[in-house]
Amino acid sequence: MSKIRFFLFAALFFLLSIFSFAQDAPEKPEEILDRETKLIGELEADAETLKLPENRAVVFAQIGGSVCQRDEKRAIQLFQKSINDLIIAQQEAEKIKKNQYTAEQLIYGQNPRLMILTLISACDGELALESLYKSRPAKISQMIAQTAQNSKANPGKQYYVFNETQNEQRFINLAADKNPERAVGLLRESLKRGVTYETLNLLRKIYAKDPKTADKLAEEVIGKLLGETLLTTDYQTSSTIQYFLAEFGRAKNPDQNSLEISGDLLRNLADKISAFWLENNNYNYSLQTDGFKVIEKYFPARAARIRQKQAQTGNQEYDDYNKLMQSDASPEEMLKQAEKFQSYKSSVYSTAARKTAQNGNIAEALNIINSNFSDEEAEQQISDFYYNLVNEAMSKGEFEQANTFINQIPLEQPRFSALIQLARAVYRKNAEENGQWATSILNQAAGLIDTAEITQAEITNSIELANAYALMDAAQAFRTLESIIPALNEFIRAYALVSQFRNEPAQRNGEFLITMNGGMSGAHNLGNALQILKDKDFDRTIKLINSFERSETRIALKLQIILRSISNLPMGTTRFSNFESKRSR
């Protein structure tokens, strides 16, 4: 070989090596940040095109939550847009004649409002509190202003007031980190609307700063509870009393500084709740709590009557069944007793079979199932039986044995699921050494999917398969998902028509609702696979998402892949300061 040819060859080899290294080198955090910042900007612009204000509110809130740690100012802008659209959605809900469930959730300030507020609270507690007040629907404001009348008129709706007050106190608690003095005033105002489980957390927060004020507030809280009217149709108040009774009645370390109330108040609280239990058919209590110990301390005779009442109203068959299940009874003993449990007989037989198998006699275990179940029931029971054996074998690392058990499962669906679980377990054990083996197990699972006639079951299984492939064989995961996109689009089109015809809450005004986790009808369970695949081939992942016909589907899927990405990047990378939405341009 001439020197010129040698140097040309060496140079070419060197260039190819550099190119290969560049191809295999992992992306830097800054590159990932730039790529996904661009996606977030596009996602925000796409959100502006959504018809439903509640969908826009969800997307803006999720984007705000994703960027909060890096660009708080931008996050606050997005949260404010979210709340503004949420208020529009609530106003529109008042006019809705159909989809009453969806309308009621908005009218009474439930979802997506509470989840949006929770997301905001993770970024800024004070903003969450302000947003709660700003987005409080008229119905809730009216009910708060007339709590007593509403409690009598419609106690079923009173839950909404309790829920609203509890969230208010939760956000006051978060805001107290910045302004504890303001928190005291806000709590006193909130107590006019009621006491919730969250009240105690807020009292503890105040106690850490000002014990004397906290103890005084605690006595005001107990006074408020003592003034409440208990109703058999309203378990919230009685449950809250139990909660506080247990807190102030439990034994404390003498050296522990904590909230305190007078013994008289504690006794009066025990008197109120125990009298209520005895006078009404109210079974919303437990005899194993610190609260019941307080009742036993102050009112021993009454506590004994409560125990007797609970024993008389209990379910003896259920109690005997639980006792048998928690005992060390042999399979033979369980079989003897099975016939006396009419409501739980199947469970006793299947447990006896499982215990028999654990003793090493699988043939006898199968005989128990076949002898005590009809043919159709036996097929399901045997599938469950072998599925449990698969899990037990996998937990011991006995993967070959697990595969043998899988082949004995008569029903295809549990066999498919077991293969997926086995492949994941094999891969987790040693990804480098077991990668090919795990992939071959997934190929077995793929063989169980009927590609000739795709139904919803095949779509669901294909997505589950792609989720598993994504870790081990990205190319196969892409091919699996790409192969079902036409069927998914057809399914979503059909479901859109059917859900509109049935007046289902999945959509409104011809647009599917996007949930707070980025979910949407027809696009379920795709997020996990896409989250992994975007790091393998980002462009191909976006191309796959863009092959969906409906814009809300594309937005929901893009939302899913950015929810965890940005927040997981190292904090030293560049802040989000350069992207902006179309509305602000």
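If you're wondering where the values come from, they're calculated on a predicted model, not measured in any experiment.
A ring-centre distance under 6.0 Å is not found for Tyr349 and Phe341.
In terms of the side-chain contact (heavy atoms from CB on, under 4.5 Å) criterion, residue partners of Ile454 (sequence neighbours excluded) are, by chain and number, Glu458, Ile459, Ala487.
Using modelled atom types, no side-chain atom of Ser417 and backbone atom of Pro414 make a donor-acceptor pair closer than 3.5 Å. Using a distance-only test at 3.5 Å, with no hydrogens or angles considered, no donor-acceptor pair links the side chain of Ser82 to the main chain of Leu78. Checking side-chain atoms of Asn367 against main-chain N and O of Ala363 turns up no donor-acceptor pair under 3.5 Å. Judged by distance alone, with hydrogens and angles left aside, the side-chain atoms of Glu72 form no donor-acceptor pair with the main-chain N or O of Gln69 at under 3.5 Å. Within the 3.5 Å criterion, the main-chain N or O of Pro331 finds no donor-acceptor partner in the side chain of Lys355. Remark: the backbone N or O of Gln342 is paired with a side-chain donor or acceptor of Glu317 at under 3.5 angstrom. In this structure, the side chain of Glu552 engages the main chain of Phe512 through a donor-acceptor pair within 3.5 Å. Not one N or O on the side chain of Asp46 forms a donor-acceptor pair closer than 3.5 Å with the backbone of Ile555. Remark: the backbone N or O of Asp290 is not paired with any side-chain donor or acceptor of Arg250 at under 3.5 angstrom.
In summary, the side chains of Arg170 and Asn173 do not present any donor paired with an acceptor at a separation below 3.5 Å, with no hydrogens or angles considered. Counting only N and O atoms by type, the side chains of Tyr318 and Asn322 include a donor and acceptor under 3.5 Å apart. Using a 3.5 Å distance cut-off with no hydrogens or angles, the side chains of Asn388 and Glu392 do not pair a donor with an acceptor. Side-chain atoms of Asn201 and Glu198 include a donor-acceptor pair closer than 3.5 Å. Looking at Glu504 and Tyr495, their side chains do bring a donor and an acceptor atom within 3.5 Å of each other. If you check the side chains of Glu333 and Ser330, you find no donor sitting under 3.5 Å from an acceptor. Between the side chains of Ser499 and Gln507, at least one donor N or O lies within less than 3.5 Å of an accepting N or O. No donor-acceptor contact under 3.5 angstrom links the side chains of Gln421 and Asn391, judged on distance only. Between the side chains of Glu377 and Asn372, not a single donor N or O lies within less than 3.5 Å of an accepting N or O.
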- Query: Where do Gln476 and Thr480 land on the side-chain contact (heavy atoms from CB on, under 4.5 Å) test, with the steps shown first?
  - Reply: CA-CA 6 Å; Gln476 185 57 46; Thr480 301; 3.4 Å; yes
